[in-house]
2 protein chains.
Amino acid sequence: MADTPKSDKIDMKTLAKVLNVSIATVSKALRDSHDIGPETKLKVIEAARKLNYVPNPYASSLRKKASNTIAIIIPEIADSFFSQAINGIESIVAIKKYHTLIYLTHDSYEREAYMFGELASGRVDGVIMSVASNTEDTSHIKTLQQAGVPVVFFDRVFNDLNSVKITTDDLNSAYVATNHLLDASCKNISLVTIKGYPSILSAREQGYKQALAERGVQPKESGVVTCSNKYNNENVEVIKEHLRLQKPDGIIATVEHLATSTYLACNELKLNIPRDVKVVCFTNQITAPILNPPLTTILQPAFDMGKKAAQLLFDHLAGKAVENNKEIVLPSTLVIRESSIMELLN
Amino acid sequence: MADTPKSDKIDMKTLAKVLNVSIATVSKALRDSHDIGPETKLKVIEAARKLNYVPNPYASSLRKKASNTIAIIIPEIADSFFSQAINGIESIVAIKKYHTLIYLTHDSYEREAYMFGELASGRVDGVIMSVASNTEDTSHIKTLQQAGVPVVFFDRVFNDLNSVKITTDDLNSAYVATNHLLDASCKNISLVTIKGYPSILSAREQGYKQALAERGVQPKESGVVTCSNKYNNENVEVIKEHLRLQKPDGIIATVEHLATSTYLACNELKLNIPRDVKVVCFTNQITAPILNPPLTTILQPAFDMGKKAAQLLFDHLAGKAVENNKEIVLPSTLVIRESSIMELLN
DNA sequence: GTGAAAGCGCTAACAG
DNA sequence: CTGTTAGCGCTTTCAC
């Protein structure tokens, strides 16, 4: 009834019949095997092209025990860091002519573990991932690794796992950002952050505290504002409350969407950025320069992190010796704009 | 040498052996077939769980001629519209326990056509796509459809193709935006846009021109600024040039990254938004309210478009009668902020 | 250089 | 209710 007239699928068998050769010959010719004569090869390839032959990937995967597919497992996608990282991964995957399965954990350990389960039995040849914020048990990851599937981590990594990790210098970036605010004569700097995220946000918090301590400021717990993971109005309220109570003159926001919340909170309280509060945020959003005021950011090398992760995964798949516990740290850069500058430019 | 001790893959055969039943019984028990006794079923499921059995997806796909996988084919991913749409798609895919392959065309017809080729032979059960800007020939799409793979379009669609399409009311949104600027007493409104994108940007251009015409303003060609597809500095120069020559007092930017370019161009020329130029942009970026000034946007229902596209694809896959040429139009909304407002709020 | 045959792991008839 | 059997479409020894 539907108008989808199944066009006659042509497979190797029919191809072989048409060409009056064996199916084995077709297979070898198409994979450019050394033991097929050049004319035969040409004939086969020509016929395949003409008849629009497309090999069945699953038959081939089943036989070869290789899927030519990788998985990307990340917490979320509507985030410029992750989407730029995907671009980096894709830049390599496309060259290798692999396929990419994408899975979003929405920062849930349960989903992450479920997804890893789905990847057993050869669905993918390798995995690139950034772990969910509430993942503590890593057995799902280990199980997959033990099954022979390499897992490369980027951004949010697990240090106790024996595998390649691509990170950026979170601790140092926060350290630099904090010092930058101190240099801009902030006396009371707060960190606006999110619960969880073991590896990465705690590194940022450490960098922040370390910088304060070195400058003789005792970091107090009340300087850390804990927001929710989701982009919502609640966070604006939490930050407003903090601004009212603690009256910080500097804020470091540790994740992208908290920039918006922080700006809105300041606006609603009629606090001027940077005069009353100076702001720095970890974000890759392209709108940073046109915010009110232009936002000082810690720009992460998202694309390159994704690209590097993919490169190392493919090195591993190609059997190249990849140091098992390799940890690559790509630098983030502090891009200074008006939101953290002392003297207004006018 | 690598420390990846292939754990003994356990398959149905070994599972059957352990349980002292036939392999068929195992298969049926696991798929909850009606003709297996409840105790046997339990025994099998229990053993499978205990031995950590995971079915080989490719063997099953090969046999069933169904992959439980769909493909998303989109121009780019570092764009809030597309990443939010993916979230919408994923919200359904996750429920259906399907898998998602993702392909980025980078707006290239050649890559798009290549990717469609890869999808023949059953790699996916269905496709959700937004076409590349320079795709004119649709034979690659038709070929896949004729092979029985349903293709659902969203956002950038082809009208001559016989399939489900999810769009937003681009023409009307531009029409509304233009009228909004006219109401704000703009006399000389320009459209900042991009070459190509047959379906969607031309609809926006039409809406713009139609609104002008109805208000007795003859739209002139010089009112349309053509930028490049990529986010770069060149676009800023093109827009500056236009601002200098045409002195528009209103600008409608048709794609997300042109908001940044337009703001930067105005800043560099020291043109005040909204006093000298009022700006409206098609964008879903969450930073719109904190720009300088807050940006009036045409907000597209990205998540819902993706979700609806996925729902209809699964309806089709489930054999439900889906009207073949169904076209669903979800409304965009004009969110008015300071960038297009006549009187400053102070 | 080419072909026959076995089988990857699973599902679906069909018998019993 | 359970088991036997025949493939899905491809790759890969191993004979010829």
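Letters go in sequence order (proteins before strands), and every chain restarts at 1. Please read these numbers as outputs of a predicted model, since none were measured by experiment.
Rounded to whole Å, the distance from CG on A:Asn56 to C1' on D:dG9 is 6 Å. Atom P of nucleotide C:dG1 and atom NE2 of A:His34 are separated by 12 Å, given to the nearest angstrom. At whole-Å resolution of the value, CG in B:Leu15 and P in C:dC10 are 9 Å apart. One can place CZ of A:Arg31 at 17 Å from P of D:dG9, the figure rounded to the nearest angstrom. In this structure, NZ of B:Lys43 is placed 14 Å from P of D:dC1, rounded to the nearest angstrom. Remark: P of C:dA12 and CG of B:Leu62 are 12 Å apart, rounded to the nearest angstrom. Following rounding to the nearest Å, B:Asp11 (CG) and C:dC8 (P) show an atom-to-atom distance of 9 Å. Protein atom CZ of B:Arg63 is 15 Å distant from nucleotide atom C1' of C:dG7, rounded to whole Å.
B:Thr40 comes within 4.0 angstrom of sugar-phosphate atoms only, judged by non-hydrogen atoms across all strands, and of no base. Among the heavy atoms of the strands lying under 4.0 Å from A:Ser27 is at least one base atom, whether or not backbone atoms are also near.
The B:Ile36 side chain lies nearest to D:dT2 when the options are C:dT11, C:dC10, D:dT2. Set against D:dC10, D:dT2, D:dC1, the side chain of B:Lys28 has D:dT2 as its closest nucleotide. Among D:dC10, C:dT11, D:dT13, the nucleotide with an atom closest to any side-chain atom of A:Met12 is D:dC10.
Salt bridge present: B:Arg49 and B:Glu46 bring a charged side-chain N and a carboxylate O closer than 4.0 Å. Looking at B:Asp107 and B:Arg156, a side-chain N of the basic residue comes within less than 4.0 Å of a carboxylate O on the acidic one, giving a salt bridge.
Taking the six-membered ring where tryptophan is involved, the planes of B:Tyr58 and A:Tyr58 are essentially parallel, since the angle between them stays under 30° and well short of 60°.
Heavy-atom nearest nucleotides on DNA chain D were determined for A:Tyr58 and for B:Ser22, and the one closer to the 5' end corresponds to B:Ser22. In terms of position along DNA chain D, the nucleotide closest to B:Thr25 lies nearer the 5' end than the nucleotide closest to the other residue of the pair B:Thr25 and A:Lys13.
Cation-pi contact between B:Lys142 and B:Phe158: absent, since separation from the ring centre below 6.0 Å together with deviation from the ring axis within 45° is not met.
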For residues 15-22 of chain A, which side-chain N or O atoms pair as donor and acceptor with protein atoms under 3.5 Å away, sequence neighbours left out?
from	atom 1	to	atom 2	distance (Å)
A:Ser22	OG	A:Ala24	N	3.2
A:Ser22	OG	A:Thr25	N	3.1
A:Ser22	OG	A:Thr25	OG1	3.1

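Side-chain N/O atoms of B:Tyr53 include one lying less than 4.0 angstrom from OP1 or OP2 on C:dC10.
For C:dG9, the base has no donor-acceptor partner in the side chain of A:Lys65 [N/O atoms by modelled type, under 3.5 angstrom].
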